[in-house]
Participant: 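This structure is in C-alpha cells; I'll ask about it shortly.
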Amino acid sequence: MDYQDIITFIMEMLGTVAFAASGAMVGMEKKMDIFGVCVLGVVTAVGGGMIRDIVLGIIPPGVFQNSTYALTAVITSCIVFVVLYCKKELLEGSRRVTFDKIMLVMDSIGLGIFTVVGVNTGIRQGYFKHTFLLVFLGTITGVGGGLLRDMMAGVPPYIFVRHVYACASIIGAITCVYMYRFFGTVPAMIVSSAVVILIRYLAAHYRWNLPRPQ
C-alpha cells in the first residue's frame with residue numbers, strides 16, 4: 001500500500017466515522033433504540049458508496065467485500081448512542097444549539113470526504129476523462145447516505161431543503177476532477193474536501209447570523 005492508498009484509506013475512515021455519527025445523532029433525535037440508531041449510522045456511512053458502486057457496475061458493492069467500514073460505522077453509532085443516552089440534556093434546551101453545531105460539523109466532514117472519494121473511485125475505474133460521470137459519482141457518494149438517512153428517519157432530505165448541501169458537493173466534485181488532472185490525487189482530495197467543508201460552514205454561519213424574527 002503506497003502513501004496515496006494510505007491517505008485515501010484514512011480519509012475514508014474519517015468520513016465513515018463522521019457520517020455514522022451524524023446518522024446516529026438523527027436516530028437519537030428521533031428517539032430510536034440502539035438497533036435503529038446503528039442502522040441509520042451504517043446507512044449514512046455506506047449508503048452513498050453503495051449507490052456509486054452499483055452505478056459503476058461493482059457488484060456486490062465494496063461495503064460487502066470489506067466489512068471494515070460497516071463495522072466502524074456500527075461502533076461509532078453505538079458510542080454516540082451511549083453518550084447521548086447518558087447525556088440526554090444535550091438534545092434539549094439551550095444545549096440543542098451545541099448539538100446542532102456538532103451535527104453540522106460531522107455532516108460537513110462526511111460530505112466533503114465522501115465527495116472526493118466518489119470522484120477518486122471513478123478515476124480508479126478508468127473514467128478519468130468523463131467529467132460529468134465523475135462529478136455525478138462524487139455527488140451521489142457525498143449526498144446519497146444522508147438522503148437515505150433522512151428518508152428512513154422521516155424528515156425532509158437535506159438536499160431538498162438545504163440547497164447548499166448538494167451544491168457544495170457538486171462544487172467539491174468539480175474542483176476534485178480538475179485538480180486531479182493538474183496536481184494529482186492527494187492534493188485534489190485534500191483541497192476539494194476542504195472546499196466542501198468551507199462552503200457548508202460559511203452557509204451555516206450566514207444562516208445562524210441572520211436577524212431573528214421579532
Side-chain angles (χ1 to χ4, degrees), residues 8 11-27 29-30 39-56 58 61-63 69-70 72-73 76-77 100 102-123 125 127 130-177 179-180 188-189 191-204 207:
T8 300
M11 292 185 70
E12 287 178 337
M13 293 303 293
L14 288 173
T16 298
V17 170
F19 257 173
S22 75
M25 290 167 73
V26 171
E29 186 180 14
K30 291 296 181 179
V39 168
L40 276 194
V42 172
V43 166
T44 308
V46 306
M50 290 177 61
I51 298 173
R52 175 202 64 218
D53 288 351
I54 292 172
V55 170
L56 288 171
I58 302 174
V63 65
Y69 303 103
T72 301
T76 302
S77 300
D100 289 339
I102 294 174
M103 176 74 178
L104 172 71
V105 170
M106 293 294 102
D107 214 39
S108 299
I109 292 173
L111 180 67
I113 289 177
F114 277 117
T115 294
V116 299
V117 165
V119 173
N120 191 47
T121 301
I123 292 172
Q125 292 295 313
Y127 297 104
H130 298 74
T131 302
F132 180 78
L133 175 61
L134 293 177
V135 172
F136 174 79
L137 293 173
T139 304
I140 198 63
T141 307
V143 307
L147 175 61
L148 295 174
R149 172 200 67 202
D150 294 340
M151 291 173 64
M152 294 177 68
V155 299
Y158 247 40
I159 62 172
F160 298 147
V161 297
R162 294 285 185 268
H163 302 296
V164 74
Y165 188 78
C167 291
S169 183
I170 293 171
I171 293 171
I174 293 172
T175 303
C176 187
V177 170
M179 282 205 64
Y180 168 80
M189 293 184 71
V191 172
S192 301
S193 58
V195 166
V196 177
I197 294 170
L198 180 62
I199 292 173
R200 290 276 290 137
Y201 170 78
L202 291 176
R207 187 170 67 251

Participant: Under the side-chain contact (heavy atoms from CB on, under 4.5 Å) test against Tyr165, which residue among Ile199, Asp107, Val196 passes?
Facilitator: Asp107

Participant: In Å and rounded to the nearest 0.5 Å, what is the CD1 to CG distance from Ile51 to Leu56?
Facilitator: 12.0 Å

Participant: Which atom pair, heavy atoms only, marks the closest approach of Gly110 to Ala18?
Facilitator: N-CB, 3.8 Å

Participant: Using the side-chain contact (heavy atoms from CB on, under 4.5 Å) definition, which of the options Thr115, Asn120, Thr121, Val55 pairs with Leu137?
Facilitator: Val55

Participant: Is there a side-chain contact between Leu40 and Met25 (heavy atoms, below 4.5 Å)?
Facilitator: no

Participant: Below 30° counts as parallel, above 60° as perpendicular, anything between as tilted: where do the rings of Phe132 and Phe136 land?
Facilitator: parallel

Participant: Going from CG on Leu104 to CD1 on Ile109, what distance comes out if it is rounded to the nearest 0.5 angstrom?
Facilitator: 9.5 Å

Participant: Kindly compute the distance separating CD1 (Ile174) from CE (Met179), expressed to the nearest 0.5 Å.
Facilitator: 14.5 Å

Participant: Do Tyr180 and Ile123 have side chains that approach each other closer than 4.5 Å (heavy atoms only, starting at C-beta)?
Facilitator: yes

Participant: Quick check: closest heavy atoms across Met11 and Ser193, and the distance to 0.1 Å?
Facilitator: CE-OG, 3.7 Å

Participant: Under the side-chain contact (heavy atoms from CB on, under 4.5 Å) rule, what do Met189 and Ile113 come out as? Steps first, then yes or no, please.
Facilitator: CA-CA 8 Å; Met189 293 184 71; Ile113 289 177; over 6 Å; no

Participant: Please report the closest heavy-atom contact between Arg52 and Gly118, naming both atoms and the distance.
Facilitator: CD-CA, 3.8 Å

Participant: Return the minimal non-hydrogen interatomic distance between Ser77 and Gly41, and the atom names on each side.
Facilitator: OG-CA, 3.4 Å

Participant: Indicate the atoms forming the closest heavy-atom contact of Ile197 with Ser108, along with that distance.
Facilitator: CG1-O, 3.4 Å

Participant: Let me see the working for Ile58 and Gln125 under side-chain contact (heavy atoms from CB on, under 4.5 Å), right down to the final yes or no.
Facilitator: CA-CA 10 Å; Ile58 302 174; Gln125 292 295 313; 3.8 Å; yes

Participant: Donor-acceptor pair, distance only, cut-off 3.5 Å: does the side chain of Asp53 make one with the backbone of Gly62?
Facilitator: yes

Participant: Do Thr44 and Leu148 pass the side-chain contact (heavy atoms from CB on, under 4.5 Å) test, and can you show the C-alpha distance, the side-chain angles, and the key distance before you say yes or no?
Facilitator: CA-CA 7 Å; Thr44 308; Leu148 295 174; over 6 Å; no

Participant: Quick check against the 3.5 Å criterion: does Ser169 have a side-chain atom that pairs as donor or acceptor with the backbone of Ala166?
Facilitator: no

Participant: Look at atom CE of Met13 and say whether more than 12 heavy atoms of other residues, nucleotides or ligands are closer to it than 6.0 Å.
Facilitator: yes

Participant: Carefully, step by step, assess Thr16 and Phe114 under the rule side-chain contact (heavy atoms from CB on, under 4.5 Å).
Facilitator: CA-CA 8 Å; Thr16 298; Phe114 277 117; 3.6 Å; yes

Participant: How close do Val177 and Val135 get, heavy atom to heavy atom, and via which atoms?
Facilitator: CG2-CG2, 4.2 Å

Participant: Measuring from atom CG of Leu147 to atom CZ of Arg149, what distance do you get when rounded to the nearest 0.5 angstrom?
Facilitator: 9.5 Å

